[in-house]
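Input: a single structure, listed below in structure tokens.
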Amino acid sequence: MLDPKLLRNQPHEVAERLAIRGFDLDLVKLEKLEAQRKELQIQMQDLQNERNQRAKNIGQAKAQGHDIQPLLDEVEGLKIKLEEIETHFSTVEDELNSYYQTLPNLPHETVPHGSSEKDNVEIRRWGEPRQFNFPIKDHVELGERNNLMDFATATKLTGSRFVVLNGKLARLHRALIQFMLDLHIAEHGYQEVYVPYMVNQASLFGTGQLPKFTEDLFKVEGEQGYHLIPTAEVPVTNIARDTIIEAKDLPKKYTCHTPCFRSEAGSYGRDTRGMIRQHQFEKVELVQFVRPEDSYKAHEELTKHAETVLQKLGLPYRVVALCGGDIGFCSAKTYDIEVWLPSQNCYREISSCSNFETYQARRMQARWRNPETGKPELLHTLNGSGVAVGRALVAIMENFQDEAGQIHIPEVLQPYMGSSKLL
RNA sequence: GGAGAGGUGGCUGAGCGGUUGAAAGCGGCGGUCUUGAAAACCGUUGAGGGGGUGACCCCUCCCAGGGUUCGAAUCCCUGCCUCUCCGCCA
């Protein structure tokens, strides 16, 4: 959520910055609701004050043994009047809050302008896409060898957009997870966490999936309103919900492996072949809680941590800064890391690294105690994939295939594969 | 699943329906003392919000949501969560 004070005091500046992402702030609506809110709140608080005073007087009179009936007569009607205005106030407040919740985050000043994916700006490249001197296969074809990858069975078990992995490919998939976690723990200073794969609605609100993006989620049957997590970002970031972290404990850096579940509503017909876009996939996530002044430095570092995974695996990639029109709802700035996929002859997203500044923190009241002011203040949250496991598996298969259709295992994964070099 | 107990400030923990936003202790911060530190002592210390140029004034919050009352942390109902015992169990 945006800072209500900022919206109140500098609505035109907010509108300008939101326009960068193609969002149209309704200033007329905002000003109207805000004026109502202010008037009603003043009236309500005056009446509450009167009630408190009168109740206190009655208490004192009673303690002194006076007849309180005249005082009781005086307050008659006050309660009903107050209730009416309280109801009216909360109606206006709810309307204002609902509108606030539809407002995306303000883009950072370094975010490139533009309306779509095409306007994203490439920041850097690493590695050279390999030149093949034989006809290449895509990961589906490669996976069909020895029945390593089985979509038909997954469809039987569940439906479309699921996969069964067999034998050494299943092991390679697991090896990737272990490798990534070990790297982030040992070399990048993250703490590993294990978290629930179902979360409540408060958590989904905190990270911004609710109320707006409910159609992207799988909801679990039952009264609790639990949902399967679409990313570890949700449970891990919500660790900080309703807490005040001591300054000495910042930054907090968590890494976490979870499955992710996405309904992929609205992506019909896209990436239908293979395991690029699945309802269930594994991801190793990086999450940081940092002091506000450190967040952009942390954002660069976190992105590097994700890049290191690809470098160690030897996978060519590029980093792009998302433009205003392509950036996520909650994000102030996002870098996507895109890995080279030979079969598609292009770079495809394998990680998305974002700085949310206080947007998520305000929703979930995630705070730290600033030693300079002594006060709890909103911290900055960041996250990034470090990296998506299924897509990394696809990239390894396609980039490291040979003419015989065998897959050469990257050196860093061999210890996790019983020293095998080939798949 | 059955039976009981409980949810109060960063933590522990008091709190007859009426100056209790909340005792006390711990922790934190400031100070005295000390070469420095510890100890001791003194002081201070919840969060969110509204109004006003300002000194300042006011509102809300004792798990959540309802209710009773002139007045609720305190009474009633519902939900959620935690703990103990029994049963079952990966």
Side-chain angles (χ1 to χ4, degrees), chain A residues 1-9 11 30-31 33-97 99-101 194-206 210 220 222-227 235 238-250 252 289 291 358-379:
Chain A
M1 259 193 351
L2 297 177
D3 183 356
K5 279 185 185 147
L6 190 69
L7 278 158
R8 213 174 284 161
N9 299 331
L30 201 61
E31 275 168 31
L33 283 172
E34 176 53 29
Q36 284 181 17
R37 186 230 98 222
K38 184 167 173 173
E39 195 195 326
L40 286 167
Q41 186 164 357
I42 290 170
Q43 283 183 37
M44 178 182 75
Q45 293 187 352
D46 282 350
L47 281 174
Q48 285 171 332
N49 183 224
E50 189 181 344
R51 176 200 62 196
N52 293 344
Q53 284 306 319
R54 289 185 178 276
K56 203 171 277 182
N57 292 340
I58 291 171
Q60 281 169 1
K62 200 177 174 186
Q64 289 163 18
H66 298 148
D67 177 19
I68 59 168
Q69 193 53 48
L71 292 172
L72 289 178
D73 293 342
E74 275 176 36
V75 297
E76 207 184 325
L78 180 66
K79 195 175 166 184
I80 291 162
K81 205 165 139 198
L82 181 57
E83 269 167 12
E84 270 172 22
I85 206 147
E86 278 175 342
T87 308
H88 194 180
F89 172 77
S90 51
T91 308
V92 171
E93 201 188 27
D94 287 350
E95 205 178 329
L96 202 53
N97 281 335
Y99 186 57
Y100 283 165
Q101 286 168 19
Y194 169 82
V195 295
Y197 299 159
M198 288 188 242
V199 290
N200 58 32
Q201 296 184 21
S203 293
L204 289 160
F205 178 80
L210 291 183
V220 179
E223 290 170 11
Q224 302 96 330
Y226 294 164
H227 291 74
N238 273 280
I239 289 171
R241 172 152 56 88
D242 295 323
T243 65
I244 300 170
I245 300 176
E246 292 304 322
K248 66 176 164 55
D249 296 326
L250 291 178
K252 279 256 187 222
F289 307 132
R291 299 179 184 216
T358 58
Y359 192 89
Q360 292 181 327
R362 178 170 286 107
R363 290 173 153 250
M364 63 173 82
Q365 286 301 301
R367 295 175 294 172
W368 67 298
R369 194 171 294 278
N370 185 344
E372 284 173 28
T373 61
K375 292 288 175 189
E377 295 173 15
L378 296 172
L379 42 75

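- R51(A) approaches L78(A) most closely through the heavy-atom pair CA-CD2, 3.8 Å.
- The side chain of R369(A) contributes no N or O atom lying less than 4.0 Å from OP1 or OP2 of C29(B).
- Atoms CD (Q201(A)) and C1' (C80(B)) sit 14 Å apart, rounded to a whole Å.
- Spacing between A47(B) and C63(B) at atom C1', rounded to whole Å, works out to 16 Å.
- Distance check on atom P: G67(B) versus C16(B) gives 26 Å, rounded to whole Å.
- In this entry A39(B) has no Watson-Crick or G-U wobble partner, no candidate having both defining distances under 3.5 Å.
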Open item on the list: Using the rule given for side chain to side chain contact (heavy atoms under 4.5 Å, CB included), can you reason through V199(A) versus Y226(A), listing the C-alpha separation, both sets of side-chain angles and the distance that settles it, and then say yes or no?
Closed with: CA-CA 5 Å; V199(A) 290; Y226(A) 294 164; over 6 Å; no

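- Pair assignment for C61(B): G46(B), on the basis of Watson-Crick or G-U wobble contacts that are both within less than 3.5 Å.
- In terms of heavy-atom proximity, V195(A) sits nearest to P235(A) at CG2-CG, 3.6 Å.
- The pairing partner recorded for C26(B) is G10(B), the criterion being a Watson-Crick or G-U wobble arrangement whose two distances lie under 3.5 angstrom.
- Both distances falling under 3.5 Å, in either a Watson-Crick or a G-U wobble arrangement, occur for no nucleotide opposite A90(B).
- Taking a pair to require two hydrogen-bonding distances under 3.5 Å in either a Watson-Crick or a G-U wobble arrangement, A3(B) pairs with U84(B).
- Rounded to whole Å, the separation between the P atoms of G25(B) and G13(B) comes to 16 Å.
- Taking side-chain N and O atoms only, R367(A) has a distance below 4.0 Å to OP1 or OP2 of G48(B).
- Using a 4.0 Å heavy-atom distance criterion, K375(A) is classed as a sugar-phosphate-only contact.
- Of the P atoms belonging to C89(B) and U78(B), the separation is 32 Å, rounded to the nearest Å.
- No side-chain heavy atom of S90(A) sits under 4.5 Å from any side-chain heavy atom of M44(A).
- The environment of CD in E50(A) is crowded: more than 12 heavy-atom neighbours from other residues, nucleotides or ligands sit within 6.0 Å.
- Across the C1' atoms, A24(B) and G15(B) are found 11 Å apart, a figure rounded to whole Å.
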Distances under 3.5 Å between nitrogen or oxygen atoms of protein and nucleotides 64-67 of chain B:
none

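- Nearest heavy-atom pair across A240(A) and I245(A) is CB-CD1, 4.4 Å.
- Considering only heavy atoms from C-beta on, F205(A) comes within 4.5 Å of Q101(A) through its side chain.
- Toward the 5′ end of RNA chain B lies the nearest nucleotide of E377(A), the other residue of the pair E377(A) and V75(A) mapping further downstream.
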Heteroatom pairs (N/O) under 3.5 angstrom, protein to nucleotides 53-63 of chain B:
unit_1, atom_1, unit_2, atom_2, d
C58(B), O3', N49(A), ND2, 2.8
C59(B), OP1, N49(A), ND2, 2.8
C59(B), OP1, N52(A), ND2, 3.2
C59(B), O3', Q48(A), OE1, 3.1
C59(B), O2', Q48(A), OE1, 2.6
U60(B), OP1, R51(A), NH2, 2.5
U60(B), OP2, N52(A), ND2, 3.4

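- For the pair T358(A) and D3(A), the minimum side-chain heavy-atom distance is 4.5 Å or more.
- If you take atom C1' in G10(B) and the same atom in G27(B), they sit 7 Å apart, rounded to whole Å.
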Please list each protein N or O that sits under 3.5 Å from an N or O in nucleotides 18-22 of chain B, with the distance.
unit_1, atom_1, unit_2, atom_2, d
G18(B), O6, K62(A), NZ, 2.9
G18(B), N2, A55(A), O, 2.8

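- The same atom, P, is picked in G46(B) and in G21(B); the two are 15 Å apart, to the nearest Å.
- K248(A) comes within contact range of no nucleotide atom at all, as no heavy-atom separation falls under 4.0 Å.
- When the P atom is compared between G30(B) and U84(B), the two are found 40 Å apart, to the nearest whole Å.
- At whole-Å resolution of the value, CD in E39(A) and P in G50(B) are 17 Å apart.
- Across the strands present, G71(B) finds no partner; the criterion is a Watson-Crick or G-U wobble pair with both atom distances under 3.5 angstrom.
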TODO: Take Y100(A) and L30(A) through the test side chain to side chain contact (heavy atoms under 4.5 Å, CB included) and record every step on the way to the result.
DONE: CA-CA 9 Å; Y100(A) 283 165; L30(A) 201 61; 3.9 Å; yes

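- Not one N or O on the side chain of N370(A) forms a donor-acceptor pair closer than 3.5 Å with the backbone of E377(A).
- Across all strands shown, G17(B) forms no Watson-Crick or G-U wobble pair with both key distances under 3.5 Å.
- Taking all atoms of both residues into account, the shortest heavy-atom contact from L379(A) to A361(A) is O-CB, 3.1 Å.
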Task: side chain to side chain contact (heavy atoms under 4.5 Å, CB included) between E246(A) and W368(A), worked out - done: CA-CA 6 Å; E246(A) 292 304 322; W368(A) 67 298; over 6 Å; no

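- Both I244(A) and Y226(A) sit near RNA chain B, but only I244(A) has its closest nucleotide nearer the 5' end.
- Between R37(A) and E34(A), at least one side-chain nitrogen of the basic residue sits less than 4.0 Å from a carboxylate oxygen of the acidic one, meeting the salt-bridge criterion.
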